[in-house]
2 protein chains.
Amino acid sequence: MAGQKKKSPPTRTPAPAEAGASRTSLWERLATPAPAARTVLTPERIAEVAVGIADAEGIEAVTMRRLATELGVAPMAAYRYVSGKDDLLELMVDRAYGELAAPEPGAGWRETLRGLAVRTRELVLRHPWLVQLPSGRAAVAPTPNRVALAEWGMRALAEAGLSADETMAAVDTVGSYVQGRTAAEVATRHLMAAQGAPGDADALRTSMAPEMTWLIRTGRYPAFHHYIGTARHKDDPQWQFETGLDCILDGLATRLHI
Amino acid sequence: MAGQKKKSPPTRTPAPAEAGASRTSLWERLATPAPAARTVLTPERIAEVAVGIADAEGIEAVTMRRLATELGVAPMAAYRYVSGKDDLLELMVDRAYGELAAPEPGAGWRETLRGLAVRTRELVLRHPWLVQLPSGRAAVAPTPNRVALAEWGMRALAEAGLSADETMAAVDTVGSYVQGRTAAEVATRHLMAAQGAPGDADALRTSMAPEMTWLIRTGRYPAFHHYIGTARHKDDPQWQFETGLDCILDGLATRLHI
DNA sequence: GGTCTGTTGCGTACAACGTATCAAGAGTAG
DNA sequence: CTACTCTTGATACGTTGTACGCAACAGACC
């Protein structure tokens, strides 16, 4: 089934320029076992190098030219494997999510879901660009390893005897929370890191982004001001993340009677 | 305090090119009452026109040139008011969030939080680009109207007698969920709208994006396959949103004893 | 009313990006 | 060795964001 004699069908469609209609899903294209010729470039290597750039210098440093340079290859070479930059980003996302290991089957649904959420947060902190993708498509694209994450969550809930709708709602709820919360955490960290305004000692004292400091001073947000002033865990994103997560898991247990 | 005689201080700093160090927060710059000269352009009009473009043709149609054309103005004119495209996006986001009205004070914390979440989802569905921003900074920037949303949430929880940490955790948890869930919903809708692959009747029957269909067929995701095949509310994002939201509200009530 | 001052908008220009297109190269099968 | 196919290179184009300097206008004061 691998190699035919004459007029062998093209083994891998060369990234069909995303022609509106028949967009074969990148993963489908990549699944053909790569018939081997002069193979200098592979999707894995492309993804690995791109992830390396993004980790080291941020997602905005990942340009097709920079990637090519890093790969020691001409600027257009990677286009044989990805149909455009969006595909590249999807490849990167999938590689990153590939770092997540499957949960051990023994644990209960709650421990499993909690572990997946916590480890996903750690993954995002390791690769902050996961929640800073410039594409919007890649940010939520169903890549194989990302779908695997949902699969694990659903398997964990199988024991609970929920309906299909309830199971999906539970998994998606936790997933949405993780995505939203980690995005906010990474953004906050970036805002704080970018501060350097002189004379804004308030910003450092209250550990707040300077833009936020000014907003607070307008007096439009008394409750916000009060709470942010007295909160003790304000600089403990892990506590915030896990507190919210535990609330959600409580809620699932309560409402779904599990 | 408004007009001095001679050597009057410059009334509005002309968008200081974002010089790393002293980044005055856009909102601070805009707060100076605009000393009136030949005012053809205002931040409000810029935001309004930009939002109009994004609503009609998607966020990728919003370029500085296109914006200038629509404003009937030279390409660089808007740079007097925004220091770059990121600022423009922030302006747009804030204008969109400005559509949200403050909740009525009478209701309890749960109804208020629920109403804010539901109405925020409707807002995002009205302006899908809110969760497709190419910047990542603008996507989570604390703009005045967005902070106002958090403020309302905190005021609603004031009656519940929670600690500052608990209050912030509750508001941020709901907010993160809304952000994550709506982003996924908008992305799914886009994926489905972009489908047109011939011969993929399965995609339509199961109302799944074609990329997802292929992934499922690999057999790597049996639980996912099973649940998505039997779920009845699979095409009812509102049900999914509200179910998850109610779970979270339940969880807050349970864990925080309110 | 004339002049002065500073803000507002315009025009040009450039570097960087994503990507289309075609030609050349490497490798294997016969 | 020859023919064929897949892979990479080179070149180039259109579009984007934006730096820079200059011209036009409004109002304040003499």
Side-chain angles (χ1 to χ4, degrees), chain A residues 2-19 29-30 32-43 45-46 50 53 59-69 71-89 134-135 137-138, chain B residues 2-19 29-30 32-43 45-46 50 53 59-69 71-89 134-135 137-138:
Chain A
Q4 239 167 313
K5 286 196 171 182
K6 289 182 178 178
K7 281 297 172 70
S8 68
T11 46
R12 172 140 49 187
T13 6
E18 193 149 2
R29 263 184 286 123
L30 261 44
T32 67
R38 167 183 51 158
T39 283
V40 183
L41 241 39
T42 64
R45 207 161 84 80
I46 293 176
I53 299 173
I59 191 65
E60 69 279 355
V62 179
T63 73
M64 297 306 281
R65 285 170 160 84
R66 174 71 192 282
L67 173 65
T69 305
L71 284 164
V73 118
M76 291 294 293
Y79 276 88
R80 182 89 11 193
Y81 299 89
V82 295
S83 74
K85 192 169 187 186
D86 273 11
D87 265 15
L88 173 66
L89 294 175
S135 151
R137 189 190 105 200
Chain B
Q4 239 164 315
K5 285 197 173 185
K6 289 181 182 180
K7 280 295 169 72
S8 69
T11 46
R12 170 142 52 187
T13 10
E18 192 146 3
R29 262 185 286 122
L30 262 43
T32 66
R38 166 181 51 159
T39 282
V40 181
L41 241 40
T42 65
R45 207 161 85 81
I46 292 175
I53 298 173
I59 191 65
E60 69 277 355
V62 178
T63 73
M64 297 306 281
R65 285 170 161 82
R66 174 70 194 283
L67 173 65
T69 304
L71 284 165
V73 123
M76 290 297 291
Y79 276 87
R80 281 283 153 190
Y81 298 88
V82 295
S83 75
K85 192 170 187 186
D86 273 12
D87 265 16
L88 173 65
L89 294 175
S135 151
R137 187 190 106 202

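So that the names make sense, note that chain A is the first sequence line, chain B the second, and so on, each numbered from 1.
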Enquirer: Less than 4.5 Å apart, side chain to side chain, heavy atoms only: is that true for B/L89 and B/P134?
Expert: yes
Enquirer: Provide the closest heavy-atom pair for B/L67 versus B/I53 in the form atom of the first, atom of the second, distance.
Expert: CA-CD1, 4.1 Å
Enquirer: Tell me: CG of A/L41 to P of D/dG9, nearest whole Å?
Expert: 8 Å
Enquirer: On DNA chain D, does the nearest nucleotide to B/K85 precede the nearest nucleotide to A/G72 from the 5' side, or the other way round? Give the residue.
Expert: A/G72
Enquirer: Please state how far atom CE in A/M76 lies from atom P in C/dA23, giving the value in whole angstrom units.
Expert: 15 Å
Enquirer: Pick the closest DNA chain C nucleotide for B/P75 and for B/T42 by heavy atoms, then say which residue is nearer the 5' end.
Expert: B/T42
Enquirer: Please report the shortest heavy-atom distance between B/K85 and B/T63, naming the atom on each side.
Expert: NZ-CA, 4.3 Å
Enquirer: Please check the phosphate of C/dG18 (OP1 and OP2 only) for any side-chain N or O of A/Y79 closer than 4.0 Å.
Expert: no
Enquirer: Measure from CG on A/L88 to C1' on C/dC17 and round the result to the nearest Å.
Expert: 14 Å
Enquirer: Roughly how many Å is it from CZ in B/R45 to C1' in C/dT8, rounded to a whole number?
Expert: 14 Å
Enquirer: Do the non-hydrogen side-chain atoms of A/Y79 and A/M64 ever get within less than 4.5 Å of each other?
Expert: yes
Enquirer: Passes side chain to side chain contact (heavy atoms under 4.5 Å, CB included), A/V73 versus A/R45? Steps please.
Expert: CA-CA 12 Å; A/V73 118; A/R45 207 161 84 80; 5.5 Å; no
Enquirer: Grab the OH-P distance between B/Y81 and C/dC10 for me, whole Å please.
Expert: 11 Å
Enquirer: Whole-Å distance between D/dT18 P and B/L67 CG?
Expert: 12 Å
Enquirer: Among residues 59-66 of chain B, which residues get a heavy atom nearer than 4.0 Å to DNA chain C?
Expert: B/R65
Enquirer: Which nucleotide in the set C/dA20, D/dT18, D/dG21 lies at the smallest distance from any side-chain heavy atom of B/R80?
Expert: D/dG21
Enquirer: Work out which heavy atom in A/A68 is nearest to a heavy atom in A/A74; give both atom names and the distance.
Expert: CB-O, 3.4 Å
